[in-house]
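The structure under discussion appears below in the form of structure tokens.
Keep in mind that this is a model prediction, so the values were computed, not measured. Each ligand, and each atom within it, is numbered from 1 in the order the structure gives.
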Amino acid sequence: MIVGVLGDGQLARMLALAGHPLGLQFIVLSPVPNSCAASVAEQICARFDDEAALRLIAQRADVVTWEFENVPARAVQYLSQHVPVLPPPAALAASQDRLSEKRLFRDLDIPTAAFAPVESLTDLETAAATIGWPAVLKMRMHGYDGKGQATLRRSEDLRPAWAALGGVPAIVEALVPFEREVSVIAVRARNGDMAFYPLVTNTHRDGILRVSISGQNDPLQAQANEYARRLLERLDYVGILALELFAVQGELLANEFAPRVHNSGHWTIEGAETSQFENHLRAILGFPLGSTAAIGHSAMVNLIGDVPDPGQMLSVPGVHLHLYGKERRPGRKLGHVTLREMGQPGLHASLQRLLALLPSAEAT
Ligand code: AMP
């Protein structure tokens, strides 16, 4: 069977790597030649709205999925007329617009920070007055990894923040004084079966994920699963979905969801019975889901902007190194390391050793 993937980054690469033992082949579509998925998948190098390229994928692939949210809706619409496209395109549309995403949460009784849509500087002034300080202004579309966002601490911040975002449709939301950020990676099969991975605690800096630590028996697991379940069922979802949440005073507030495999689920490759990548493929191909149970204790560290000496990293106990074959560039995700240990003290010791190898600006 052939799986078509829109996008050619590390997520497409890890999907292909997970699919090879199952005998699957992959075609990735991307406008950039020699992408990081190209060494493990056939690449069609074309724009996402190139109709001939989309037709080719539709003819050859048994199912099409994506690895990033900002796939043009028209491409997905075109493909879905010719080949099964999963997760359902409506889930992609809901996640592409922060306002529709937040409204969906509200509709499902999933708590969020207070938010309001903003179309003009006047709207922003009114919304900030209602929501209070501090707040955060976010572009509705095309924002990721903290890009297209500005923190608002006082009324003097409003005009420059609005100008910095370029006056595009936005939302403003209360800045949550969270104790920690968590995510739940959930999966739903074509027959409606669902499974949830252990809750992950995430550390971000400058809006980019740095470290994820997977928990066991997290007191917030049941609540997170319940919110993810509501989303999966409402969207008639098939595949992996990641729901990112803020934990504050023992409660969860939803921040956003990603209708795809997710960086905070990379630890599952070695740290769970079935990885998020394999379970995404199982789901979209109509196979039974695999167990999401953890094997031991795991942490994942992103390698951002630079890669420490591989030999030194590999000398850390419990280490599993993944390099994506990308050129070094500041702020770019070049790889990740998963640490898996049978006991928590061992995990903690390995994590400290690994973090000490990162450039000091990266050590969290
Ligand atoms: P996002 O692009 O919405 O995932 O935001 C990136 C990161 O910015 C989040 O992971 C948080 O660390 C931070 N952030 C975003 N929105 C808020 C908020 N309303 N309150 C506090 N922190 C936030």
(request) Work out which heavy atom in W133 is nearest to a heavy atom in A128; give both atom names and the distance. (result) CH2-CB, 3.8 Å
(message) For a 4.5 angstrom cut-off between non-hydrogen side-chain atoms, does S214 reach Y197?
(response) no
(message) For ligand 1 and L175, I'd like to know whether there is a polar contact (N/O to N/O, distance under 3.5 Å).
(response)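 By distance alone, the answer is no.
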(request) Looking only at distances, please establish whether an N/O atom of ligand 1 is found under 3.5 Å from an N/O atom of A174. (result)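 Looking only at distances, the answer is yes, because the N/O contact criterion of under 3.5 Å is met.
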(request) Would you kindly specify which portion of V136 sits under 4.0 Å from ligand 1, judged on non-hydrogen atoms: side chain, backbone, both or neither? (result)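 V136 to ligand 1: side-chain contact only, backbone stays beyond 4.0 Å.
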(message) Once you restrict to heavy atoms under 4.0 Å, what part of N255 touches ligand 1? Side chain, backbone, both or neither.
(response) side chain
(request) Please work out which of E181, M139, Q149 has its closest non-hydrogen atom nearest to atom 2 (O) of ligand 1. (result)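 The residue whose heavy atom sits nearest atom 2 (O) of ligand 1 is Q149.
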(request) Could you name the option among H204, E244, K138 that has the heavy atom nearest to atom 16 (N) of ligand 1? (result)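 Heavy atom nearest to atom 16 (N) of ligand 1 belongs to K138.
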(message) Assess whether a salt bridge exists between E173 and K102, defined as any Lys/Arg side-chain N lying under 4.0 Å from an Asp/Glu carboxylate O.
(response) yes
(message) Give me each pair satisfying side-chain hydrogen bond (donor to acceptor under 3.5 Å, both in side chains) with a member in residues 37-47, each pair once, sequence neighbours excluded.
(response) R13-S39, S30-Q43, E42-R60, R47-D49
(message) So that I know where these two stand, are F48 and F68 an aromatic pair - ring centroids less than 6.0 Å apart?
(response)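 Ring-ring flag for F48/F68: true, centres closer than 6.0 Å.
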